[in-house]
Amino acid sequence: MITRADVEYVALLARLELNEEEKELYTRQLGKILEYASILQQLDTSEVPPTAHVLPLQNVFREDRVGEDLPVEEVLANAPDREGNYFKVPRII
Amino acid sequence: MQLCDLPAHELAKLLRNRKVSAEEICRSVLQRIDEVEKKTKAFITVDGEKALEQARRVDKKLKNGANLPPLAGMPVAIKDNICTKGLRTTCASKILANFVPPYNATVVEKLAAAEAVIIGKTNMDEFAMGSSTENSGFFPTRNPWDYSRVPGGSSGGSAAAVAAGESIYALGSDTGGSIRQPAAFCGVVGMKPTYGAVSRYGLVAFASSLDQIGPLTKDVTDCALVLNVIAGHDPRDSTSVPGERPDYTQFLKEDIRGLRIGIPREYLAEGLDSGVREVLEKACAVLKEAGAEVAETSLPHSAYALPTYYLIAPAEASSNLARYDGVRYGYRAEDVKDVLDMFKKTRSRGFGAEVKRRIMLGTYALSAGYYDAYYLKALQVRTLIKRDFDTAFTKFDVLLSPTSPTPAFLLGEKIDDPLKMYLSDIFTLAINLAGLPAVSVPGGFVDGLPVGVQFIGKPFAEGTLLHVAYAFEKRTEYTSRRPGLGR
């Protein structure tokens with residue numbers, strides 16, 4: 001069963017800040033969804049390989065050749081903050 | 001009937017015979033948008049000026065005697081999670097409310113090469129997470145057949161736009177039913193191609209092992225024509241499958257004698273609306289009458305598809321949506337102490353409730369101590385689900401089911417209960433888990449609301465799906481009906 005402490009921990013991992021109401025709501029709703037998901041435990045899958053994706057493709061290679069770049073100005077046009085050709089963020093250290 | 005109510009292949013004929021101009025077609029669509037958009041709210045962005053410019057360019061080329069591709073001059077609406085260079089692409093999320101992509105998705109490049117006229121960007125559930133378009137971060141879309149009902153989702157804007165004549169056709173994306181379920185609710189044709197058939201480059205990622213772009217059209221012929229434009233290998237998407245794609249119009253044939261059609265009995269179980277069941281039974285009768293062999297089959301692990309999906313899709317989403325951190329693009333919270341605080345406040349204010357719920361669920365399923373019990377277990381059950389289909393396809397050419405257990409539901413009816421909402425995709429999401437192609441075709445009406453039937457095919461058997469869908473359409477003609485639009 002998922003607890004309120006679990007929800008707070010997972011929120012930190014996911015970089016989400018939840019208010020009291022959301023913590024309560026998600027504890028309840030995630031609990032219900034996970035309880036529903038527990039029916040998967042009925043199946044014996046000890047001999048079943050996982051399917052991460054359905055294609056037989058693996059290790060798709062290409063030539064290591066320089067392609068076209070996106071223009072710096074167009075890329076930085078969407079940045080919330082910038083300085084010169086850099087993305088600017090609040091102080092980290 | 002106005003020009004905007006016609007399918008693309010009919011308009012293309014009129015255009016080539018110089019009975020109408022591309023500009024007239026475009027103006028007809030824009031006029032319909034003026035008339036009904038206040039009610040449908042299908043679009044997040046409409047760019048009428050640019051569309052008219054594109055249409056006039058097509059007219060000019062035609063006048064100069066150019067030999068243009070089949071869909072030249074046809075207006076298309078694009079789901080707002082597909083990147084369009086210079087045209088705002090929001091994923092219906094506040095976190096991307098002002099995002100203007102510096103590049104085009106591959107499918108948009110292909111549309112441009114096909115001389116398409118891009119009308120605008122359609123509303124959706126935020127980041128394609130939802131089944132009703134009520135989870136849009138901006139406003140809900142309404143069903144053109146009944147404005148008190150949802151258009152389905154997550155490609156609800158695309159489906160509503162096509163049904164209402166606010167576009168001639170549209171592109172959507174389908175991760176668990178997001179093209180097929182809204183197509184069914186709005187009475188249009190919607191196809192999810194085989195995983196890897198259409199490039200995902202430039203599609204904003206939700207669940208990368210499940211997402212596919214596909215067409216929403218007024219009929220099956222248009223579906224084949226649009227698939228001709230968008231399908232193909234793309235070196236920029238490493239999960240795009242190499243090799244040529246066929247000309248899909250060659251499959252549009254009415255003779256389906258001897259075609260083996262299986263009905264998964266698990267899809268007829270409880271929760272299925274009695275009207276929807278009748279639609280399916282009538283569809284079976286039509287197909288039998290046409291000479292197909294219709295018989296019951298079984299997909300024994302069907303009951304496990306929903307929980308499997310709701311572990312895998314959120315897990316992939318939680319990882320994909322980690323990129324929205326307020327650094328390189330999108331919304332950033334201002335009043336912050338430090339970088340961690342910026343991440344948390346940006347994401348908490350930028351994402352809506354359902355997106356946060358799925359990020360939480362996915363993060364939990366992937367976290368230390370729970371990975372084996374939830375995520376790995378779901379990947380193993382995914383194998384069992386895929387094997388069910390492999391087994392069924394040893395005896396059948398296609399499978400047939402309802403697209404959704406009910407017709408379009410009322411706005412607000414399921415929004416407070418996520419599990420109830422998720423059940424609306426119960427017949428569609430196993431197909432994404434197995435990576436198969438499937439198409440929803442209008443199959444009839446219940447109390448004036450359209451109901452879809454779904455044909456499911458083997459990997460890369462889009463041709464077989466178009467064949468059976470076309471044969472069904474020719475014998476039923478449900479795709480020729482249009483909503484009254486409250487006029």
Side-chain angles (χ1 to χ4, degrees), chain A residues 2 6-7 9-19 22 25-26 29-30 32-34 36-57 59-63 67-68 70-71 73-82 87-93, chain B residues 98-100 102-103 195-196 208-209 235 238-239 241 301 303-304 306-308 310-311 318 322 325-332 336-345 347-348 351 356-357 359-361 363-364 367 373-374 376-384 386 418-419 433-435 459:
Chain A
I2 190 163
D6 292 332
V7 165
Y9 173 64
V10 171
L12 176 66
L13 290 179
R15 299 292 184 260
L16 290 170
E17 189 175 78
L18 303 181
N19 61 34
E22 284 174 316
L25 182 74
Y26 288 144
Q29 289 181 335
L30 295 184
K32 260 177 88 176
I33 295 166
L34 290 169
Y36 180 66
S38 69
I39 67 161
L40 297 186
Q41 306 306 330
Q42 298 167 357
L43 294 170
D44 177 8
T45 52
S46 50
E47 303 294 317
V48 182
T51 298
H53 79 125
V54 294
L55 297 175
L57 294 175
N59 295 339
V60 178
F61 294 107
R62 62 170 170 78
E63 291 290 313
E68 246 179 84
L70 291 171
E73 273 312 309
E74 284 179 35
V75 171
L76 284 166
N78 280 299
D81 199 5
R82 67 181 282 190
F87 297 106
K88 194 175 175 186
V89 295
R91 176 180 284 278
I92 293 177
I93 307 164
Chain B
N98 298 311
F99 178 64
V100 179
Y103 67 96
Y195 184 76
S208 307
S209 82
S238 61
T239 62
V241 173
H301 294 93
Y304 302 99
L306 185 66
T308 301
Y310 276 99
L311 291 170
S318 71
D325 53 12
V327 174
R328 289 150 301 163
Y329 39 71
Y331 166 77
R332 175 192 291 190
V336 298
K337 295 198 293 276
D338 52 28
V339 161
L340 179 63
D341 197 36
M342 180 188 85
F343 291 156
K344 286 161 72 172
K345 288 202 163 77
R347 291 164 61 78
S348 303
F351 291 137
K356 283 192 247 187
R357 185 154 44 238
I359 290 174
M360 291 286 294
L361 183 57
T363 306
Y364 182 78
S367 64
Y374 289 111
L376 184 64
K377 186 79 184 181
L379 292 185
Q380 289 172 311
V381 180
R382 183 178 187 179
T383 304
L384 298 175
K386 188 169 174 291
L419 267 178
L433 290 170

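Chain identifiers are assigned alphabetically (A, B, ...) following the order of the sequence lines, protein sequences preceding nucleic acid strands; residue numbering begins at 1 within each chain. In what follows, every heavy atom counts, from backbone to side chain, and hydrogens, waters and symmetry copies are set aside. Fair warning: this is a prediction, and the values are worked out from it, not measured in the lab.
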Between B:Pro102, B:Gly435, B:Ser318, B:Ala378, the one whose heavy-atom pairs under 4.5 Å with chain A are most numerous: B:Pro102
Pick from B:Arg357, B:Lys386, B:Arg347, B:Met342 with the largest number of heavy-atom pairs that fall under 4.5 Å of chain A: B:Arg357
A:Arg15 side-chain N/O to B:Ala322 backbone N/O, donor-acceptor pair under 3.5 Å: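 No, the answer is negative, given that no donor and acceptor are paired below the 3.5 Å cut-off.
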Winner by heavy-atom pair count (cut-off under 4.5 Å) against chain B, out of A:Val60, A:Leu25, A:Val75: A:Val60
Partners passing side-chain hydrogen bond (donor to acceptor under 3.5 Å, both in side chains) against B:Lys344 (at least two apart in sequence or in another chain):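 Residues passing side-chain hydrogen bond (donor to acceptor under 3.5 Å, both in side chains) with B:Lys344: none at all.
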Chain B contact via A:Gln42 - which portion, at a heavy-atom distance below 4.5 Å: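 Side chain only.
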Audit row: B:Leu361, A:Leu34, side chain to side chain contact (heavy atoms under 4.5 Å, CB included) steps and yes/no: CA-CA 8 Å; B:Leu361 183 57; A:Leu34 290 169; 3.8 Å; yes
Per-residue contact mode, B:Met360 against chain A (heavy atom under 4.5 angstrom): both
Contact origin within B:Asp341 toward chain A - heavy atom pairs under 4.5 Å: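 The side chain, not the backbone.
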Check against side chain to side chain contact (heavy atoms under 4.5 Å, CB included), A:Asn78 and B:Arg328: CA-CA 7 Å; A:Asn78 280 299; B:Arg328 289 150 301 163; over 6 Å; no
Side chain to side chain contact (heavy atoms under 4.5 Å, CB included) between B:Thr363 and A:Leu16, worked out: CA-CA 11 Å; B:Thr363 306; A:Leu16 290 170; over 6 Å; no
Nearest-0.5 Å distance, OH of residue B:Tyr364 to CG of residue A:Leu13: 12.0 Å
